[in-house]
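The next block holds one structure in the form of structure tokens; read it before the comments.
Since this is a predicted model, take the numbers as computed values, not measurements. Here is the naming used below: chain letters follow the sequence lines, and residue numbers restart at 1 for every chain. Values reported hereafter were calculated over all heavy atoms of this structure, with side chains retained and with hydrogens, waters and symmetry mates removed.
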Amino acid sequence: MPVPAVSMVERLVVIGASAGGFSALQTIFSGLGTDFDFPILVCKHLGIGDEKGLVDVLASRTGTTVMLSQDKLPMYNGCIYMAPGNYHLQVESRDTISLSIDERICHSRPAVDVLFESAADVFKDQVTAVVLTGANSDGAAGVEAIKNSGGKVVVQSLDSAEVKIMPKAAIETGCVDEILDLEDIAAYLRRS
Amino acid sequence: MTDDFQDLELQLLMDAVKARYGYEFAHYARASMMRRIRKHMEAAKTDRISDLIPLFIHNKAAFAHFVKDMSVTVTEMFRDPDFFQALRKSIVPLLKTFPFIKIWHAGCATGQEAYSMAIMLDEENLLERCQIYATDFNENSLKIARSGIYPDADLALYQENYSKSGGCKSLDQYCSRGYDSIKFNGRLTEHITFANHNLVSDGVFGEMNLILCRNVLIYFNNELQDRVLKLLIDSLRSRGILCLGRRENIRFSEAAGLLETVDRHQRIFRKKA
């Protein structure tokens with residue numbers, strides 16, 4: 001795994017995905033390349049057991065540095081941190097992630113809302129949240145928190161989403177800045 | 001928004017809570033703490049953390065509710081079945097070499113894992129030689145733990161976990177059923193002592209052969225994690241075993257040097273001699 005240069009985290013990207021999320025994430029990671037200058041935290045709903053495989057496959061197919069999150073792990077630019085099964089992934093501070101086993105949200109642990117709310121709390125207007133395909137309304141409350149703290153919200157277009165319930169719930173909050181086709185999300189993240 | 005003063009307000013709230021009730025939450029991990037505080041702010045219909053100070057100081061019930069929230073009660077029997085399988089396979093043989101075995105389950109919540117342990121030890125013919133101490137700082141949780149009574153609806157999940165962990169029987173054998181509940185047999189309860197202990201403010205807990213403290217340290221910041229990890233290690237006899245949660249991380253802790261790894265994936269460690 002390439003060792004990233006250690007520099008201050010200036011901004012953060014958080015991504016929420018559920019059903020259909022694996023191939024969507026693969027598209028985005030591939031489009032990002034390896035030299036993006038922010039950390040990415042990902043909450044993808046998954047069953048226990050397949051998480052290690054998910055991380056390994058994403059890393060090898062996209063060439064990015066993808067890690068399974070552990071509690072109080074330092075967070076580096078250019079690295080992607082996936083939520084482990086049965087734990088919530090959170091932003092603990094400007095350079096640390098953390099985990100919790102708090103109650104499920106929308107039947108999910110990890111939950112997108114928990115990730116987004118903690119990101120908004122720490123990074124305020126320096127966070128971009130992305131909601132991808134999914135069959136669950138998890139993420140909608142998180143999107144509102146991001147917006148209220150001045151961050152940006154990007155949602156995958158319904159036309160390009162394998163399952164539309166999650167992006168639709170996010171769009172219906174009225175807190176969305178951009179609705180983009182899946183193929184355009186990586187370029188947007190690199191630009192903004 | 002009151003964002004500029006968020007850290008100050010948080011600190012004042014923690015100071016107030018400590019001065020009024022003696023509870024020390026200042027070194028809890030921030031993200032999980034903020035989730036709870038936001039929830040209580042919503043209930044109190046305020047967007048200032050500092051508004052919780054007068055509420056908690058004057059309203060004991062509101063504060064009691066907060067304390068209850070601060071202690072995580074999420075647990076299940078044989079949670080992480082492959083951990084219990086590893087315990088049965090690699091730790092039980094070690095335990096068998098001792099004439100008497102002391103086990104501490106720190107942060108036991110409502111006790112399901114303590115009963116899981118008792119069942120596993122019974123199946124390994126070890127229970128008669130074991131004393132399990134299961135502790136938590138939440139009295140409500142301990143009350144449920146002591147009763148050994150859980151919703152019947154949870155039994156299916158417990159049975160599934162138990163089977164995945166290598167158990168070959170039916171959990172029915174260890175409990176009686178009725179009134180939509182299950183109640184564990186006195187034979188298991190006899191070997192478990194549930195007691196109030198706060199890892200943050202209370203001390204060492206005697207010389208244990210085995211300590212389980214799973215998914216507790218994640219709620220503490222690095223400083224407190226280190227302090228509690230030392231307390232756990234001090235409570236182990238030489239070569240005693242410590243089990244943490246599967247995504248917990250001791251790499252950045254000073255006390256990590258006092259431990260050697262037994263099972264990296266399952267976070268099972270042994271105190272160095």
Can you label the angle between the B:Phe56 ring and the B:Phe63 ring as parallel, tilted or perpendicular, going by 30° and 60°? perpendicular
According to the interplanar angle, ranging from 0 to 90°, do the rings of B:Phe66 and B:His40 count as parallel (below 30°), tilted (30 to 60°) or perpendicular (above 60°)? perpendicular
Cut-off 4.5 Å, heavy atoms of chain A, and the answer for B:Arg30 is both
Looking only at the side chains, is there a donor atom on one of B:Asn215 and A:Tyr87 sitting less than 3.5 Å from an acceptor on the other? yes
Under 4.5 Å heavy-atom distance to chain A, tell me which part of B:Val74 shows up: side chain, backbone, both or neither. both
With only heavy atoms counted, which part of B:Arg267 is less than 4.5 Å from chain A, the side chain, the backbone, both or neither? side chain
Can you tell whether the side chains of B:Arg38 and B:Glu42 come within less than 4.0 Å, N to carboxylate O? no
Can you say whether A:Ser69 sits under 4.5 Å from chain B via the side chain, the backbone, both, or neither, judging by heavy atoms? backbone
Check each atom of A:Ser100 against the heavy atoms of chain B and say whether the ones under 4.5 Å are side chain, backbone, both or neither. both
Could you check whether atom NZ of A:Lys164 has more than 12 heavy atoms from other residues, nucleotides or ligands sitting under 6.0 Å from it? yes
